[in-house]
Amino acid sequence: MLKHHVDEKGVAYLTLDRPELHNAFNDELIEKITTTVKDLDKNEKVRLLVLTGEGQSFCAGADLNWMKKMKDYSESENYQDSLKLSNMFWTLNSFKKPVIAKLNGSALGGGVGLVSCCDYVIAAETAMLGLTEVRLGLVPAVISPFVLAKMSETHARAYFMSGERFSASKAMMMGLVHEVVKAEELNEATDKVIKSFLMAGPQAAVVAKDLVFKNKEMGLSKAVQEYTCKTIAKIRTGSEGQEGMTSMLEKRKANWMK
């Protein structure tokens, strides 16, 4: 249902493993993703996380059997169920270290939610995406905060309401995807992205991600001025910042690149 391992470089690989069901969610998978991501976030050996799917699809959203069960839930039961799903997305979105989505195949509904919670998305050109909920008489409510953080309002209005599927290339134009490659080149291209992210100082990467969230939260204000100036002052005087600047001056690689 869910596979994961951490390699010697500190790269954690998390694979949705329900290929026969296109890696669709059910309550068990949602709980497993939430718990595993929390555990990996606490693991000091982990430097970044790579999320992908087994088989032909990345994630097809909700499992039909799970939806069949939800159909008879009361509004209160639906609310509690949705909170569990929302917690999964919030957990992934707030992962302290970089998260790379390796989009091996189609991402629909909640699958787009997963994509939107990742920091860098590399997709096979054959992958299709879609916010297909409205075609079931539903709406992409739980995933909307994460999708709207990546996709502009004009694209959200078009695809939230039509449910139309779109290509990986169009998803890149909309801001959901960063890079599109041929399917047979996906593994090699993902390795290059991983290598690029590992060039960053481990602590700098964590602070840089938090910097994005804090700037968005505070807006252009005196509070953000104080926060950003204190942040760079702390980083410059810290051991990692000192090592980075020293390595540049000595024209050598920083110790985390070795």
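Residue numbers start at 1 and run along the sequence shown.
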Student: Using a cut-off of 6.0 Å, state whether more than 12 heavy atoms not belonging to Trp90 lie near its atom CH2.
Tutor: no

Student: Measure the spacing between OG1 of Thr190 and CG of Leu103 and express it to the nearest 0.5 Å.
Tutor: 10.0 Å

Student: When you measure from the side chain of Thr36 to the backbone of Ile33, do you find a donor-acceptor pair of N or O atoms at a distance under 3.5 Å?
Tutor: no

Student: Using a cut-off of 6.0 Å, state whether more than 12 heavy atoms not belonging to Leu220 lie near its atom CG.
Tutor: no

Student: Can any side-chain N or O of Lys209 pair as donor or acceptor with the backbone N or O of Phe95 at less than 3.5 Å?
Tutor: yes

Student: Under a 4.5 Å cut-off applied to non-hydrogen side-chain atoms, are Leu14 and Val37 in contact?
Tutor: yes

Student: May I have the step-by-step check of side-chain contact (heavy atoms from CB on, under 4.5 Å) for Met88 and Leu85, ending in yes or no?
Tutor: CA-CA 5 Å; Met88 179 190 73; Leu85 180 62; 3.8 Å; yes

Student: Determine whether Met151 and Val177 fall in the same hydrophobic cluster, where Ile, Leu, Val, Met, Phe, Trp and Tyr are linked whenever their side-chain heavy atoms lie under 4.5 Å apart.
Tutor: yes

Student: Calculate, to the nearest 0.5 Å, the distance between atoms OG and CG belonging to Ser196 and Asp191 respectively.
Tutor: 12.5 Å

Student: So, for Ala205 and Ala200, which heavy atoms are closest and what is the spacing to 0.1 Å?
Tutor: CB-CB, 4.3 Å

Student: Hey, are the side chains of Met245 and Gln242 touching, using non-hydrogen atoms and a 4.5 Å cut-off?
Tutor: yes

Student: Side-chain heavy atoms under 4.5 angstrom apart, residues restricted to Ile, Leu, Val, Met, Phe, Trp, Tyr: same cluster for Ile235 and Tyr227?
Tutor: no

Student: Counting only N and O atoms by type, is there a donor-acceptor contact under 3.5 Å from the side chain of Gln203 to the main-chain atoms of Glu240?
Tutor: no

Student: So for atom CE, which belongs to Met1, do other residues, nucleotides or ligands contribute more than 12 heavy atoms lying within a distance under 6.0 Å?
Tutor: yes

Student: Report yes if the side chains of Ser74 and Asn78 come closer than 4.5 Å at any heavy-atom pair, otherwise no.
Tutor: no

Student: Would you check if the side chain of Arg18 reaches a backbone N or O of Ala24 as a donor-acceptor pair within less than 3.5 Å?
Tutor: yes

Student: Within this structure, what is the OG1-CG distance for the pair Thr132 and Leu108, rounded to the nearest 0.5 Å?
Tutor: 5.0 Å

Student: Give a yes or no on whether the backbone of Gly55 and the side-chain of Asn104 come within a donor-acceptor separation of less than 3.5 Å.
Tutor: yes

Student: How long is the straight-line distance from SG of Cys59 back to NE2 of His22, given to the nearest 0.5 Å?
Tutor: 11.0 Å

Student: With the 4.5 Å side-chain cut-off for hydrophobic clustering, are Val99 and Leu198 part of the same group?
Tutor: no

Student: With no hydrogens and no angle check, do the side chains of Thr35 and Glu31 hold a donor and an acceptor under 3.5 Å apart?
Tutor: yes

Student: Do Leu83 and Gln80 have side chains that get closer than 4.5 Å, going by heavy atoms?
Tutor: yes

Student: Could you state the interatomic distance from OG1 (Thr231) to CG (Asp210), rounded to the nearest 0.5 Å?
Tutor: 8.0 Å

Student: Any side-chain heavy atom of Tyr79 within less than 4.5 Å of one from Glu75?
Tutor: no

Student: Could you go through Leu29 and Trp66, starting from their C-alpha distance and side-chain angles, then the distance that decides it, and tell me whether this counts as side-chain contact (heavy atoms from CB on, under 4.5 Å)?
Tutor: CA-CA 11 Å; Leu29 181 56; Trp66 182 46; over 6 Å; no

Student: Can you confirm whether more than 12 heavy atoms, excluding those of Glu44, are under 6.0 Å from its CD atom?
Tutor: no

Student: Of the non-hydrogen atoms in Val142 and Phe89, which two are nearest, and what is the gap between them?
Tutor: CG1-CD1, 3.9 Å

Student: Restricting to non-hydrogen atoms, name the atom on Glu133 and the atom on Gly110 that form the minimum distance, rounded to 0.1 Å.
Tutor: OE2-N, 3.9 Å

Student: Show your working on side-chain contact (heavy atoms from CB on, under 4.5 Å) between Arg236 and Ile232 and close with a plain yes or no.
Tutor: CA-CA 6 Å; Arg236 281 178 184 161; Ile232 190 59; 3.5 Å; yes

Student: Please say whether more than 12 non-hydrogen atoms of neighbouring residues, nucleotides or ligands are located less than 6.0 Å from CD in Gln56.
Tutor: no

Student: Decide yes or no for Leu114 and Leu16: does some side-chain heavy atom of the first lie under 4.5 Å from some side-chain heavy atom of the second?
Tutor: yes

Student: If only atom types and distance count, is the side chain of Glu54 paired as donor or acceptor with the main-chain N or O of Thr15 below 3.5 Å?
Tutor: no

Student: Are Arg157 and Glu153 close enough for a salt bridge, meaning some N to O gap below 4.0 Å?
Tutor: yes

Student: Under 6.0 Å from the CZ atom of Arg252, do we count more than 12 heavy atoms belonging to anything else shown?
Tutor: yes

Student: Using the rule that two of Ile, Leu, Val, Met, Phe, Trp, Tyr join whenever any of their side-chain heavy atoms come within less than 4.5 Å, decide whether Tyr13 and Val193 are in one cluster.
Tutor: yes

Student: Would you check if the side chain of His178 reaches a backbone N or O of Val121 as a donor-acceptor pair within less than 3.5 Å?
Tutor: yes

Student: Membership question, hydrophobic clusters at under 4.5 Å side-chain separation (ILVMFWY): are Trp256 and Ile194 in the same one?
Tutor: no

Student: Hey, does the side chain of Lys96 reach the backbone of Asp41 with a donor-acceptor pair shorter than 3.5 angstrom?
Tutor: yes

Student: Using a 4.5 Å cut-off on heavy atoms from C-beta on, say whether the side chain of Val134 contacts that of Met161.
Tutor: no

Student: Counting only N and O atoms by type, is there a donor-acceptor contact under 3.5 Å from the side chain of Lys150 to the main-chain atoms of Cys118?
Tutor: yes

Student: Determine the minimum heavy-atom distance between Ile100 and Phe197, stating which atoms define it.
Tutor: CD1-CD1, 4.1 Å

Student: Is a donor on one side and an acceptor on the other found under 3.5 Å between the side chain of Thr52 and the backbone of Lys102?
Tutor: yes

Student: Assess whether side-chain contact (heavy atoms from CB on, under 4.5 Å) is satisfied between Lys170 and Tyr159, documenting all intermediate values.
Tutor: CA-CA 12 Å; Lys170 182 168 278 191; Tyr159 291 100; 3.2 Å; yes

Student: I need the minimum non-hydrogen distance between Pro98 and Arg47, along with the two atoms involved.
Tutor: CD-O, 3.3 Å

Student: Answer yes or no: are there more than 12 heavy-atom neighbours, outside Glu184 itself, under 6.0 Å from its atom CD?
Tutor: yes

Student: Compare all side-chain heavy atoms of Leu92 with those of Phe146 and state whether any distance is below 4.5 angstrom.
Tutor: no

Student: So, for Ala233 and Thr237, which heavy atoms are closest and what is the spacing to 0.1 Å?
Tutor: O-OG1, 2.9 Å

